[in-house]
*Asks:* 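Take a look at this one; I'll ask things after.
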Number of protein chains: 2
Amino acid sequence: MNNFGDLIRAKREEKEMLLRHLAAELDIDTAQLSKMERGERTARREHVVELTKILSLDKEETLSIWLADQICLLLAKEKQALRALKLAETTLSK
Amino acid sequence: MNNFGDLIRAKREEKEMLLRHLAAELDIDTAQLSKMERGERTARREHVVELTKILSLDKEETLSIWLADQICLLLAKEKQALRALKLAETTLSK
DNA sequence: TGTACATTTGTCATTTAATGTCAAGTGAAC
DNA sequence: GTTCACTTGACATTAAATGACAAATGTACA
């Protein structure tokens, strides 16, 4: 349920970047980035896009994962989560 | 993409209630309710629940529709909407 | 042990978005 | 042209998201 954060952290470590280095490139606080990676806070869309560039990630895929996390956040604790997803899918397919 | 509002309006008219009467029961402004029905603003969760009681709607179904609208709002203009939905579904199925 | 460094945690300030309120506007019916 | 239901737009208020900072934690190693 924090697939985006996990992805970012994995890629960052793979590239052997420190939080403060990546944070500096994004022009945000190190603590902010730490929280994003652990899912304590969600990233801004613009930061997501920027991250895909810095970490050589696929933009579309990464955005999808980030969006999916947002959806999961919205539906957390909702009994009708899956039912709502199905309805949304029907609507968006049109 | 405003299924919730359409549902509320249909039911309200079916019961021949005026906006101001329903708004009074919800303890909100008439203009607010008007906007909710037309999808200009989203309803609060508590108002959704209250509406199901007043309008004799199925609570689970109505909440699903309301949630679906929220999801659609979140994904509006996103090219990866359907892809994100699929990912969210996978996550939430677990 | 204690120092250096990376990360995390908690608190509070600031910004942005959601919601609420009101007054004026529109349109239909009579 | 008056009344009534509803809509629109502007602004106030409230709540949520984001940002910034200091202190805490944990780890490695001299």
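Chain letters run A, B, ... following the sequence lines, proteins first and then strands; every chain starts at 1.
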*Asks:* Under 4.0 Å between a side-chain N/O of B/T42 and OP1 or OP2 of C/dT19, yes or no?
*Replies:* yes
*Asks:* Quick one: B/L18 CG to D/dC4 C1', roughly how many Å, whole number?
*Replies:* 9 Å
*Asks:* So if I take residues 1-17 of chain B and measure heavy-atom distances to DNA chain D, which residues fall below 4.0 Å?
*Replies:* B/R9, B/R12
*Asks:* Which value, rounded to the nearest 0.5 Å, describes the distance between A/R44 atom CZ and A/E46 atom CD?
*Replies:* 5.0 Å
*Asks:* Below 4.0 angstrom, N of the basic side chain to O of the carboxylate: do B/E89 and A/K86 qualify?
*Replies:* yes
*Asks:* Where do N or O atoms of nucleotides 19-24 of chain D meet protein N or O atoms at under 3.5 Å, pair by pair?
*Replies:*
unit_1, atom_1, unit_2, atom_2, d
D/dG19, OP2, A/Q32, NE2, 2.8
D/dG19, O5', A/Q32, NE2, 3.4
D/dG19, N7, A/R41, NH1, 2.6
D/dG19, O6, A/R41, NH2, 3.1
D/dC21, N4, A/D29, OD2, 3.4

*Asks:* Sequence neighbours left out, what passes side-chain hydrogen bond (donor to acceptor under 3.5 Å, both in side chains) with A/E16? Give chain and number order.
*Replies:* none
*Asks:* Calculate the interatomic distance between B/L22 atom CG and D/dC6 atom P; express it in whole Å.
*Replies:* 10 Å
*Asks:* What is the distance, rounded to the nearest whole Å, between atom CZ of B/R20 and atom P of C/dC22?
*Replies:* 17 Å
*Asks:* Would you be so kind as to tabulate the donor-acceptor pairs closer than 3.5 Å made by side chains of residues 23-30 of chain B, with sequence neighbours excluded?
*Replies:*
unit_1, atom_1, unit_2, atom_2, d
B/D29, OD2, B/A31, N, 3.1

*Asks:* How many whole angstroms separate atom CG of B/L26 from atom P of C/dT19?
*Replies:* 14 Å
*Asks:* Under 4.0 Å: is that the gap between some side-chain N or O of A/R38 and OP1 or OP2 of C/dT8?
*Replies:* yes
*Asks:* Any side-chain heavy-atom pair from A/L51 and A/F4 closer than 4.5 angstrom?
*Replies:* yes
*Asks:* Round to the nearest Å and state the distance from B/E40 atom CD to C/dT19 atom C1'.
*Replies:* 13 Å
*Asks:* Just so I know, are the side chains of A/V48 and A/L63 near enough to count as touching, which here means a heavy-atom distance under 4.5 Å?
*Replies:* yes
*Asks:* In sequence, state the C-alpha distance, the side-chain angles, and the governing distance for A/E50 and A/R45, and then conclude on salt bridge (Lys or Arg N to Asp or Glu O under 4.0 Å).
*Replies:* CA-CA 9 Å; A/E50 190 61 22; A/R45 200 185 193 287; over 6 Å; no
*Asks:* When you check the phosphate oxygens OP1 and OP2 of C/dT7, does a side-chain N or O of A/S34 lie under 4.0 Å from one of them?
*Replies:* no
*Asks:* Can you sort out the partners of B/E37 under salt bridge (Lys or Arg N to Asp or Glu O under 4.0 Å), two or more places apart, ordered by chain and number?
*Replies:* B/R9, B/R12
*Asks:* Rounded to whole Å, how long is the line connecting atom CH2 of A/W66 with atom C1' of D/dA17?
*Replies:* 13 Å
*Asks:* Not counting sequence neighbours, which residues clear salt bridge (Lys or Arg N to Asp or Glu O under 4.0 Å) with A/E61? List them please.
*Replies:* none
